[in-house]
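This report concerns only the one structure given below.
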Amino acid sequence: MKQLSVFLENREGRLEEALGILKDQNINIISMSVADTADYGMLRLIVNDVEKGKEALQKEGFSAHFSEVVAVRLPHVVGSLHDALSSLSKAGINIEYLYALCTKTDEAAIVIKPSDKDGAVKALTDAGFKFFTDGDLF
Amino acid sequence: MIWNESKECMSRDELMNLQSKRLVKTVDRVYHNVEYYRKKMQSVGIEPGDIRGVEDIHKLPYTTKDDLRDTYPFGLFATPMSEIVRVHASSGTTGKATVVGYTRRDIEIWSECVARAMTMAGIGRGDVVQVAYGYGLFTGGLGAHYGAEHLGATVVPQSTGNTKKLITMMIDFGVTAIACTPSYLLHIAETLENENLLGQIKLKSAVCGAEPWTEAMRLQIEDRLHIKAHDIYGLSEVMGPGVACDCEFHQGLHIAEDHFYPEIIDPETLEPLDANQPGELVFTTLTKEGLPLLRYRTKDLTSISYDKCECGRTSARISRFKGRSDDMLIIRGVNVFPSQIEAALLEMSGTTPHYMMIVDRTNNLDTLEVQVEVEERFFSDEIRELENLSKQIARTIQMAIGLAVKVKLVEPKTLERFEGKSKHVIDNRKLI
């Protein structure tokens, strides 16, 4: 799945400006996370139109790029996230970051940026997990 | 007290005779020993015989930091390397350092000049001098050290870095004088105040230099520490600290004129200017053996007075510095050129990203932040990658300039662009 990643300087109103641009382009945000450091933040978004979102943000001077992430479907039961992660750790795959993904169904889901994407998909598939792809969520 | 009355109080006529004799010898030596100088003089049609005294000095071509870079590392040395007993180095305008070499006699004369300066500051035998300049390739530490030893004082070679330890020794050793940058001395004063230790020090005098400061800052140091503070000037190319220093009357810095011939020129037209006219300071070394320099452009802006000083010294005095005619910055006593940062970024990434240097002063210590735009090719959605990038930039710059820097990644196209020659420095330091 394609994620929209935006580099944001840590100052007032910068996140609001970025989101304003997406709003004007009629882009819907499905899920998001912000990683923060003292000087800057990294805004990570799952949106209904990544191409349009990236172009609009770049046009306004934002540093916006695509990143490939894995969206894993999780049964809404105790321990399912743990099981997914243990299949990755058994395969020796590190997680750069992860966050919860909003779905329209009763399912839970997470977005993962693994150190090795193909390996992660294989390990999760072998453990019986399924995935969301672009378009499944909107 | 005057360290060397026969030299420092010479009549102007006598001095000019001495300077002329030494200049003729210097010109003759560099012409015959340094190919670079010989070619340079030949290119303007000058032979040693054309220089019969200081009145002919304007016929000689100027020397700049670029000449030292072009002849890196030892090309301008006028003695065989077997005569050179020490080298020092300072920042060049790009990657390469400016290297200077000293013969044994050069070191003796340097020590003599520093001893004169410290005597002007009321320091002498029986004093305990803490040298809190950096020791190493920088001339400050060893220059002050040898001068204070020559003076007969007890030297504490503290160097820089650990203020708490410095203060402990200052108290325990009964330190009476200190040599360091003025901003560092203010930092020491502040620490002493905060720790309530001012009553326990025996400090009475300071020789401060290696960075620009104001008369107000000097008075503040005197007031807060209850000491006398003096301004010592020098640059490694010419020698190091001790080229000039101010006496108890603080009416400008007395130049060791029997060793360094000063001129003031218009930095644009390069025409020599009269006494008391502001312009760029130029030095010709008169006694140096290792690295003699003809009409070296310091890029420091000041003026010269030849009036006799109340202290009895007859030497010319330079007024407080009014800035630089190039873009060199002095950060924590270290010379930094924006072009060095540029060269480091270029070396690291192939092309130079947009950057801005922000110089500031926190608790009387200079800080340098380099803001770099996160261009397309640097982008990553992983914080770890971005942090590695800023660490790598910081390391590369630190290796180039020898100063710790804070690197801040900023959004593309947010740093100000300037028409033509871009501006890469914001200096927020307020010289109080």
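Letters A, B, ... are given to chains in the order of the sequence lines, protein chains preceding strands, and every chain is numbered from 1.
- Aromatic pair B/F379/A/F7: centroids not less than 6.0 angstrom apart.
- Of the atoms belonging to A/E96, it is side-chain heavy atoms, and not backbone ones, that fall under 4.5 Å from chain B.
- For A/S63, the parts sitting under 4.5 Å from any heavy atom of chain B are the backbone and the side chain alike.
- Among A/K113, A/R44, A/H65, the single residue meeting the side-chain hydrogen bond (donor to acceptor under 3.5 Å, both in side chains) criterion with B/D381 is A/K113.
- Counting heavy-atom pairs closer than 4.5 Å to chain B, the top residue among A/M42, A/R14, A/E9, A/Q58 is A/E9.
- A cation-pi arrangement is present between A/R73 and A/F132 under the rule of less than 6.0 angstrom and at most 45 degrees off the ring axis.
- One finds no salt bridge joining B/D360 and B/R429 here, because no Lys/Arg side-chain nitrogen approaches an Asp/Glu carboxylate oxygen to under 4.0 Å.
- For the set B/E382, B/E376, B/K408, B/E387, the count of heavy-atom pairs under 4.5 angstrom toward chain A peaks at B/E382.
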